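Here the structure is a predicted model, which means the values were calculated and not measured. Starting from 1, each residue takes its place in the sequence as its number.
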Amino acid sequence: MKLSKTTAENSYRYLWLLSKIFPYIKPYMGRIIIGFMIAIPLGLLDGVVAFSLKPYMDYVVGQKDLVFTLLGHTYTIHFALLGALIPFGVIGFALFQGVLRYLNDYISEWTSQKITNSVKISLFKTLLKMDTSFYDENSSGIVLSRFLSDPDTASRGIVQNIKTIITSVCGALGLICVMLYSSWKLALIGVVVLCAAFIPVALIRKRVKQASNLGMVIGGNITTNMNETYSGNKVMTAYCLQERQEKAFEKQIHESFDVAMSLIKRAGWMSPLMYLIASCGIAIVLWYGTGLIIKGEMTAGCFASFVTSLLLLYKPVKTLGNTLTGLQTIFVAMGRVFELFDIKPDLQEKENPAVLESVNSSIRLNNVSFGYTPERLVLKNINLEIKKGETLAIVGNSGGGKSTLVNLLPRFYDVTEGSITIDGVDIREFSLTSLRKHIAMVFQDNFLFSGTIRENIMMGNYDVSEEDLEQAVESAHLTEALEALPDGIDTMLGERGMTLSGGQRQRVAIARAMVRKSPIVILDEATSALDNKSEAIVQKALDNLMKNKTVFVIAHRLSTIKNADRIAVINEGELVELGTHEQLISKENGQYKALYEMQFRKQETVEV
């Protein structure tokens, strides 16, 4: 599946999306509820200032004592004392609201981070299950964007935005209550204005989805460009490709800008329109309220309290509008996130698979055909049997399908037609873990992870004893190289192990394959990228790795080919010749003989 072809078709199914994310929210439900409960008074307290204006205007400014009855007793508060109490009361309420806001923000951020982490962990588990074809089809930038950025947008924002909605709704309700207390007639106008202000929000949903999906693709392309610039820095420098990378990056940045501005251009009118609607409401209130005051149906204090409430009401209404727009972006991201969970690898393990215990007789390829796409087969009707303990060298022209053939053995890909069997059992019958534990691979460019050399070697077998580890280091001819390093085998490696030479990285990879103690070894041009001196050392290490193993070696070195039990010649995806070096070299007009005379004759002269 190409992740760039994203539709997020479920982004409008809000209840479905909430039901999907609920399992990640559930463990933190207690704290979330506490946060929501704090959000209620936090919003309601917004009306305190507006409510305090009524007694302040009617009694303090009007210089009238406040007289009220409580539990059958009549109390009188002098207007001067009331004038001193109200400001202190407002400050006290503000302080209390500040404490609530701090607690609410902390709880909200804590729960948001926890939910995000849970989603990311689940997504990473999904990513780890993806097969090789998934990584072939999708760039690193798209994968990073979908598996890291989208979960941040989706899960971190959901709690925060719901909390903001609760706070804003409660704030609006509190202010509406003050408005109703002041004048139900004016309050009716305010509520109508409030409802009208939400109309623009409903008009922007699809534009948010389109811009968000397009922005995700462009953002992924930008990340890919950054990754390629970093990983391919030597090629870029050697071929003076800086201008090319710069132009590509500038183009992507401008595309990202255009998408963002397209959304702002379409969504930006929402805030001014809401402001216009609110202003019309305020104008109507001022006109109608003035008439109520003149008629004596409303005091100046009530009117001041009402107008203040109406003005303050604009903030939560605007916040609600922006939050709902942001919430749509979150739902789009959430739709993309849960699309990822539905991705199934093309390569599936059989239900209740068998466990491969050992390799006792042979490995067979039976009429094996394979193509990365259905239209074009890379391998065609390969029939081949490799006995236990036999070394098979695979040679052929570049692009003929040699690496593809060995990649089918550990099931990086599944055969398109035919089957591969071990001791007569189709490898698709075995669990992937047990199959791959019986195979050790050394590639042309072996990947080393961040960490120590010891950790990288032990990735082949975490249960390896210290004695076997030392033996693997010695057999891989790593001892001398490790002695020259500051911390020996515990030396920390940089990213991809680039602090080591190419030959040293290969020997670490060989030691990793050795501790695996697998009966099957695959060498995919393991020495082709090395200089003669490094190649000679690595070849000695490979010879130690190959002892008493069933070996598939894509050959680069002549001695490896000549010493192999048999040689398979793959050309244009077909097995064209099979035999020993002596058998194949004696064939007149044979493809191996032609390849040998063209490619290996010079190498033989150098070795002699």
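- Tested against L485, the residues I453, L493, D490 include a single side-chain contact (heavy atoms from CB on, under 4.5 Å) partner, I453.
- Ring geometry for F443 against F412 counts as parallel: the plane angle stays under 30°, on a 0 to 90° scale with 60° as the upper cut.
- Surrounding CD of E429 are more than 12 heavy atoms belonging to other residues, nucleotides or ligands, all under 6.0 Å away.
- For the 3.5 Å distance criterion, the side chains of N383 and N366 fail to qualify, holding no donor opposite an acceptor.
- In Y372, the OH atom is crowded: over 12 heavy atoms of neighbouring residues, nucleotides or ligands sit closer than 6.0 Å.
- A salt bridge links D468 to K517: one of the charged nitrogens lies within less than 4.0 Å of a carboxylate oxygen.
- Within 6.0 Å of CG on N548 lie no more than 12 heavy atoms contributed by other residues, nucleotides or ligands.
- Rounded to the nearest 0.5 angstrom, L340 CG and S122 OG are separated by 12.0 Å.
- Side chain of R436 to backbone of R411: a donor-acceptor contact under 3.5 angstrom is found.
- Between F338 and Y24, the two ring planes are tilted [angle within 30° to 60°].
- Of the possible polar contacts, one joining the D131 side chain to the F134 backbone as a donor-acceptor pair under 3.5 Å is found.
- Atom CD1 of I363 sits about 3.5 Å away from atom CD1 of I520, to the nearest 0.5 Å.
- Within a 6.0 Å sphere centred on CD of E480, other residues, nucleotides and ligands contribute 12 heavy atoms or fewer.
- Crowding of F341 atom CZ: a count of heavy atoms from other residues, nucleotides or ligands under 6.0 Å exceeding 12.
- Heavy-atom minimum distance, A568 versus L575: CB-CD1, 3.8 Å.
- Note that CD of E250 is 9.5 Å distant from CD of E243, once rounded to the nearest 0.5 Å.
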